Amino acid sequence: MNNVVLLKLHRWITLVFALPLLALIITGLIISFQPVVQTMSVVPGSIDLSRVEKVLARFDPDGKARGLAIDGASGHLRLLGISAPEIDLSTGEPATTTAPLNDLFQWARRNHEHLVGQSWLVIASTAAMLVLMTLGVLMGLPRLRNSLSGWHKGIAWFGLPLIVLSPLTGLCMAFGLTFQSGGGLGAAGRPVPLKQAVAEVAQTHDLAQLVSLSVRSGGTMARLQEGGELRAHAVTAQGVTELPRNWPRLLHEGNWFGVVSGPLNVFTSLALLGLLSTGLLIWARRTFRRRPQRQRQRGVPATASS
């Protein structure tokens with residue numbers, strides 16, 4: 001297959017998936033800042049077990065919540081799966097202030113994972129991104145010049161490991177590939193109630209490290225900030241056990257070392273945004289440059305309306 005065919009495939013796939021790719025890249029860029037915010041917002045000893053237990057007793061007396069999420073930056077707690085207000089952990093009362101940054105992260109994550117409510121479109125666009133990168137590599141090493149095309153090729157080749165890793169790990173997550181060694185959450189035993197799970201976590205960890213607790217059919221999982229890494233733990237009646245690392249998720253979300261991995265994901269998102277924008281600009285310039293040439297060949301003035 002020669003470069004002309006590869007280039008046409010590269011160009012048409014980009015045009016077809018331009019809008020969903022733009023949405024995925026922008027929402028991914030926003031989410032890239034979350035690991036840094038989560039890591040820096042951990043204040044040891046700032047969350048008391050008794051306060052969390054009082055919140056659960058008041059706002060979830062029947063134990064119907066399927067989990068909780070804590071935003072360390074605002075000090076707010078959200079109960080998942082039930083209709084309950086966002087709670088200010090400093091007072092134990094419904095929050096009177098908003099957490100715009102957390103709301104932005106939630107909005108970006110929701111759209112990044114379920115683009116306009118269509119998960120298949122996310123998977124198709126991510127696969128298309130990987131195909132585009134493969135086609136670019138197959139076209140061979142570029143001649144780098146100080147031009148729009150030169151910058152497009154330079155970004156692609158110098159950022160290749162990171163920009164390939166992003167869609168590749170995304171597809172692994174979509175298809176449930178974790179590459180975990182040993183037992184996962186399903187091997188941890190029966191799920192424990194939310195109130196008991198919080199107490200179990202508090203026995204071995206500072207609750208300020210707790211990002212989320214989720215009660216699932218396969219067990220109860222806690223995600224905690226430990227040394228800049230967002231680690232998953234199984235919570236059982238016998239205690240808290242670290243789960244094997246889900247490397248595709250850690251790498252894709254930038255949670256393997258927040259203050260370093262987060263900025264790397266920001267760079268990756270900016271590189272992908274640069275590739276998409278320069279690619280579309282190259283296509284637009286060539287397309288609108290050829291139109292006057294075709295008009296002149298037909299004897300039609302360039303300024304005439306079509």
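Note that the structure is predicted; figures quoted are calculated from it, not measured.
Rounded to the nearest 0.5 angstrom, Thr134 OG1 and His10 NE2 are separated by 10.5 Å. Between atom CG of residue Asn102 and atom CG of residue Asp71 there is a gap of 4.0 Å, rounded to the nearest 0.5 Å. Atom OG1 of Thr39 and atom CD of Gln34 lie 10.0 Å apart (nearest 0.5 Å). Atom CD1 of Ile31 and atom CD1 of Ile26 lie 12.0 Å apart (nearest 0.5 Å). With rounding to the nearest 0.5 angstrom, the CZ atom of Arg190 is 11.0 Å from the OG1 atom of Thr220. We find the CG-CG distance between Leu135 and Leu9 to be 6.0 Å, quoted to the nearest 0.5 Å.
Shortest non-hydrogen contact noted between Gly92 and Val55 is CA-CG2, 4.2 Å. Considering every non-hydrogen atom in both Ile155 and Ala271, the closest pair reads CG2-O, 3.6 Å. Ala208 and Ser46 get closest at one heavy-atom pair: CB-OG, 3.6 Å. Looking at every heavy atom in both residues, Leu275 comes nearest to Ile163 through CD1-CD1, 3.6 Å.
Trp120 belongs to a hydrophobic cluster whose remaining members, ordered by chain and number, are Leu24, Leu115, Val116, Leu121, Val122; membership requires side-chain heavy atoms of ILVMFWY residues under 4.5 Å apart, directly or through intermediates. Hydrophobic cluster of Leu281: the remaining members, joined at side-chain heavy-atom separations below 4.5 Å, are Leu148, Ile282, listed by chain and number. Under a 4.5 Å side-chain heavy-atom criterion applied to ILVMFWY residues, the cluster that includes Phe158 comprises Leu144 as well.
Taken together through direct or relayed side-chain contacts under 4.5 Å among Ile, Leu, Val, Met, Phe, Trp and Tyr, Val42 and Val37 form parts of separate hydrophobic clusters. Residue Ile123 is not grouped with residue Met173 when hydrophobic side chains (ILVMFWY) are merged at heavy-atom distances under 4.5 angstrom, including chains of intermediate members. Tracing side-chain contacts under 4.5 Å through hydrophobic residues (I, L, V, M, F, W, Y), one reaches Leu132 starting from Leu130; they form part of the same cluster. Hydrophobic clustering keeps Leu162 apart from Leu270 (ILVMFWY residues linked when any side-chain heavy atoms are closer than 4.5 Å, directly or through intermediates). Residues Met133 and Leu15 share a hydrophobic cluster, clusters being chains of Ile/Leu/Val/Met/Phe/Trp/Tyr side chains in contact below 4.5 Å.
Applying the side chain to side chain donor-acceptor pair (under 3.5 Å) test to Asp103 and every residue at least two apart in sequence or in another chain returns nothing. Listed by chain and number, the residues in a salt bridge (charged side-chain N to carboxylate O under 4.0 Å, His left out) with Glu242 are Arg231 (sequence neighbours excluded). Residues forming a salt bridge (charged side-chain N to carboxylate O under 4.0 Å, His left out) with Arg109 (at least two apart in sequence, or on another chain): Glu113, Glu253. Judged as a side chain to side chain donor-acceptor pair (under 3.5 Å), and not counting sequence neighbours, the contacts of His112 are Thr27.
No more than 12 heavy atoms of other residues, nucleotides or ligands lie within 6.0 Å of CE in Met40, so this atom counts as exposed by the packing criterion. Within a 6.0 Å sphere centred on CG of Leu19, heavy atoms belonging to other residues, nucleotides or ligands number 12 at most. Around atom CH2 of Trp157, more than 12 heavy atoms belonging to other residues, nucleotides or ligands sit under 6.0 Å away.
Checked by atom type and distance alone, the side chain of Asn255 never pairs as donor or acceptor with a backbone atom of Leu230 at under 3.5 Å. Under a 3.5 Å cut-off, the side chain of Ser261 and the backbone N or O of Gly254 do form a donor-acceptor pair. Remark: side-chain polar atoms of Asn2 are paired, donor with acceptor, to backbone N or O of Val4 under 3.5 angstrom. Between the side chain of Arg245 and the backbone N or O of Leu250 there is no donor-acceptor pair closer than 3.5 Å. At distances below 3.5 Å, not a single donor-acceptor pair connects side-chain atoms of Arg66 with backbone N or O atoms of Leu80. Looking only at distances, a side-chain donor or acceptor of Asn111 sits under 3.5 Å from a matching main-chain atom of Trp107.
Sorted by first and then second residue, the pairs that involve residues 158-173 and meet side chain to side chain donor-acceptor pair (under 3.5 Å), not counting sequence neighbours, are Thr169-His252. Residue pairs meeting the side chain to side chain donor-acceptor pair (under 3.5 Å) criterion with at least one member in residues 199-210, sequence neighbours excluded: His205-Glu226. The list of side chain to side chain donor-acceptor pair (under 3.5 Å) pairs with a residue in residues 144-153, not counting sequence neighbours, reads Asn146-Trp151, His152-Thr278. Pairs passing the ring pair (Phe, Tyr, Trp, His ring centres under 6.0 Å) check and including a residue from residues 70-100, sequence neighbours excluded, do not occur. Within the structure, no pair that satisfies the ring pair (Phe, Tyr, Trp, His ring centres under 6.0 Å) test touches residues 33-63, not counting sequence neighbours.
Screening Leu276, Ile13, Leu21, Leu171 for a side-chain contact (heavy atoms from CB on, under 4.5 Å) involving Met129 leaves a single residue, Leu21.
Contact check for Thr241 versus His233: no side-chain heavy atoms found under the 4.5 Å cut-off. With contacts defined as side-chain heavy-atom distances shorter than 4.5 Å, the pair Leu68/Val198 qualifies. Residues Thr96 and Asp88 are not in side-chain contact: their nearest non-hydrogen atoms beyond the backbone lie 4.5 Å or more apart. Two residues are said to be in side-chain contact when any heavy atoms from C-beta on lie closer than 4.5 Å; Leu251 and Leu168 fail this criterion. Residues Val211 and Ile70 fail the side-chain proximity criterion, which asks for heavy atoms closer than 4.5 Å. With a 4.5 Å cut-off on side-chain heavy atoms, Phe267 and Ser32 do not count as touching. Here the side chains of Arg11 and Trp283 are in contact, with some heavy-atom distance below 4.5 Å. Residues Leu210 and Ile47 are not in side-chain contact: their nearest non-hydrogen atoms beyond the backbone lie 4.5 Å or more apart.
In this model, no donor atom of one side chain and acceptor atom of the other lie less than 3.5 Å apart for Asn265 and Thr268.
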